[in-house]
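Below: the structure, in C-alpha cells.
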Amino acid sequence: MRFPKTFSALALLVGLTQAAGAQTCTPKVPASSLIEAPKWQMSINPTLPPQQFVDDKGELQGLNVELAREIAKRICVEAVFLRMDFPPMIPALRSGRFDAINTGLFWTEERSKMLYLVPYAQQAISIYTDPSSSLKLEKFEDLAGRVVGVESATYTERKAREFSTAMEAKGLKPIELRTFTTVTATSAALRAGQLEAALNINETANSLEQKGIAKIWVRDIAGTDITFAFRDKLLAQAVADALTAIRTDGTYDKLFDKFGMTKLKATTFAIRGDGPTN
C-alpha cells in the first residue's frame, strides 16, 4: 500500500522525535551499577495487595509496581520485575542475581548493614481472624497459646516471635506460630479452621477485610519504615533522589492515595544505614 507523502513525512518526523527523545534520556546511574544495563532488575512477590499483586489478567499491579515504574522513568532505566517468593530474596540480591528488592522490605539495623536501604513508606502489623470466628482480640497478648499464621522470613514473623518470647517471660503461654509462603496460603488455612488468627501488614489485612475474608481486631502494631533494597550504592542514591523529585511534584501523594498506603513524613529520601561493610 502506498501512503501519501504527507503521511510518510509525518511518520518520519515522529520516528525522529522518538529517537531524539531516547538519545536525550541518559541513565542517571553508570552501567556498572546494573547487572544488565539499562535494565533495573528487581525481585517482587506479588502476593500483598494493594502493595503488589497480580490482577485477573495476570498483570502486576500495586503501589510498588507503579512507584518503581515512575522511578525508572526518572532515572532513565527499564524497570524489570522478577517474580519470586520472599525468603530467598536477600541472599539472591547479595549474590548479584538482580539489582534490587521491591517488596516492601522492613528496615532493620541488621539489614541496613547487609544492603543499601532506601525507606519510602511506613507499615505496621494487624491481627485478624476469619469473619465467622467467635474469637475476640484487643491486644497482642490475647494471642497467648493461640495458633497463629504468618508469612515466613518476614518482619511480621520476626516481631511475632519477639512478642511471643516476651509474653512467655511474663508467664503467658507462647504463640504457636505456623508459617506460610504467601498470604493466600495463610488465608486458606484460616478459612479451613487450621488457624485461630493471622498476622500481616495493615494494608494487606485491610484488603482482606474489604473482600469479606477477614475481620481485623488490632491494627498498627510495631510500625516501621519499609524500603527498597540495593546491592549498589550509586543505584540506591539515584532512586532516593528520584523519590524526592516524585514527592516534590505531587506524584508520590497521588500514588499513595490511590492505593491507600501510609506515606513517610519526610519530604526528602535517602539511604538509611551504612550499607554493606564488605
Side-chain angles (χ1 to χ4, degrees), residues 43-53 83-92 101 103-111 114 122-227 229 262:
S43 63
I44 191 167
N45 65 328
T47 62
L48 294 172
Q51 186 168 281
Q52 65 247 2
F53 61 97
R83 304 184 194 184
M84 61 187 296
D85 291 336
F86 175 74
M89 285 189 186
I90 292 177
I101 295 173
T103 188
L105 189 72
F106 280 91
W107 189 96
T108 67
E109 187 74 33
E110 179 185 8
R111 288 172 175 172
M114 294 190 295
Q122 274 267 321
Q123 277 183 356
I125 300 167
S126 289
I127 304 172
Y128 60 96
T129 64
D130 185 84
S132 64
S133 173
S134 60
L135 187 62
K136 295 183 178 181
L137 305 164
E138 295 181 354
K139 55 187 181 300
F140 203 95
E141 291 184 349
D142 290 341
L143 294 176
R146 304 286 184 183
V147 181
V148 180
V150 65
E151 288 188 64
S152 61
T154 60
Y155 174 86
T156 305
E157 181 191 1
R158 177 176 179 171
K159 296 306 292 186
R161 294 194 185 281
E162 289 177 6
F163 287 140
S164 182
T165 299
M167 288 159 52
E168 197 172 3
K170 294 179 180 179
L172 298 172
K173 292 182 179 180
I175 302 169
E176 184 180 335
L177 282 175
R178 294 185 183 175
T179 59
F180 300 85
T181 56
T182 67
V183 66
T184 303
T186 307
S187 298
L190 194 62
R191 289 195 302 272
Q194 298 168 0
L195 305 171
E196 295 177 89
L199 306 170
N200 215 307
I201 60 173
N202 284 345
E203 291 81 3
T204 297
N206 289 341
S207 176
L208 295 174
E209 189 171 61
Q210 289 165 8
K211 294 175 182 176
I213 58 178
K215 177 175 177 56
I216 301 173
W217 291 95
V218 186
R219 290 181 169 88
D220 301 325
I221 302 166
T224 189
D225 292 351
I226 58 170
T227 70
T262 305

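Model, not experiment: these values are computed from the prediction. Below, all heavy atoms of this structure are taken into account, side chains as well, without hydrogens, waters or symmetry copies.
With values rounded to the nearest 0.5 angstrom, Ile221 atom CD1 is found 8.0 Å from Asn202 atom CG. Taken to the nearest 0.5 Å, the CG atom of Asp225 stands 5.0 Å off from the CD atom of Gln122. Put simply, CD on Gln123 and CD1 on Ile201 are 3.5 Å apart, with the number rounded to the nearest 0.5 Å. A distance of 5.0 Å separates CG in Leu143 from CD1 in Ile175, rounded to the nearest 0.5 Å. From Leu177, atom CG reaches atom CG of Leu199 across 7.0 Å, with rounding to the nearest 0.5 Å. Atom CG in Asp85 sits 7.0 Å away from atom CG in Asn45 (nearest 0.5 Å).
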Criterion side chain to side chain contact (heavy atoms under 4.5 Å, CB included) on Asn206 and Ile216, from CA distance to verdict: CA-CA 8 Å; Asn206 289 341; Ile216 301 173; 3.3 Å; yes
Can you list the steps and then say if Phe180 with Leu195 is a side chain to side chain contact (heavy atoms under 4.5 Å, CB included)? CA-CA 12 Å; Phe180 300 85; Leu195 305 171; 3.9 Å; yes
Test side chain to side chain contact (heavy atoms under 4.5 Å, CB included) on Thr108 and Tyr155; report intermediate values, then the result. CA-CA 9 Å; Thr108 67; Tyr155 174 86; 4.2 Å; yes
Could you give me the CA-CA distance, side-chain angles and deciding distance for Phe86 and Thr47, then say whether side chain to side chain contact (heavy atoms under 4.5 Å, CB included) is met? CA-CA 10 Å; Phe86 175 74; Thr47 62; over 6 Å; no
Does the salt bridge (charged side-chain N to carboxylate O under 4.0 Å, His left out) test come out yes or no for Glu176 and Arg178, once each step is laid out? CA-CA 7 Å; Glu176 184 180 335; Arg178 294 185 183 175; 3.2 Å; yes
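Remark: the backbone N or O of Val150 is not paired with any side-chain donor or acceptor of Thr154 at under 3.5 angstrom. Using a distance-only test at 3.5 Å, with no hydrogens or angles considered, a donor-acceptor pair links the side chain of Glu157 to the main chain of Ala153. Distance alone, capped at 3.5 Å, is enough to place a donor-acceptor pair between the Ser187 side chain and the Val183 backbone. Remark: the backbone N or O of Thr103 is paired with a side-chain donor or acceptor of Gln51 at under 3.5 angstrom. Listed for the Ser133 side chain is no donor-acceptor partner under 3.5 Å among the backbone atoms of Thr129.
Residues Tyr128 and Ala214 share a closest heavy-atom pair of CD1-CB, 3.6 Å. Counting all heavy atoms, side chain and backbone alike, Ile90 lies closest to Arg111 at CD1-NE, 3.8 Å. Among all heavy-atom pairs drawn from Glu168 and Pro174, the shortest one is OE1-CB, 3.8 Å.
Side-chain atoms of Phe140 and Ile127, non-hydrogen and from C-beta on, do get closer than 4.5 Å to each other. Contact of the Leu172 side chain with the Glu141 side chain is registered, since non-hydrogen atoms from C-beta on lie closer than 4.5 Å. Phe106 has its side chain out of reach of Arg158: every pair of non-hydrogen atoms, C-beta onward, lies at least 4.5 Å apart.
Glu151 pairs with exactly one of Thr182, Thr186, Thr181, Asn200 by the side-chain hydrogen bond (donor to acceptor under 3.5 Å, both in side chains) rule, that one being Asn200.
For residues 196-212, the pairs satisfying salt bridge (charged side-chain N to carboxylate O under 4.0 Å, His left out) are Arg146-Glu196, Glu209-Arg219, with sequence neighbours left out.
Listed by chain and number, the residues in a salt bridge (Lys or Arg N to Asp or Glu O under 4.0 Å) with Lys159 are Glu162 (sequence neighbours excluded).
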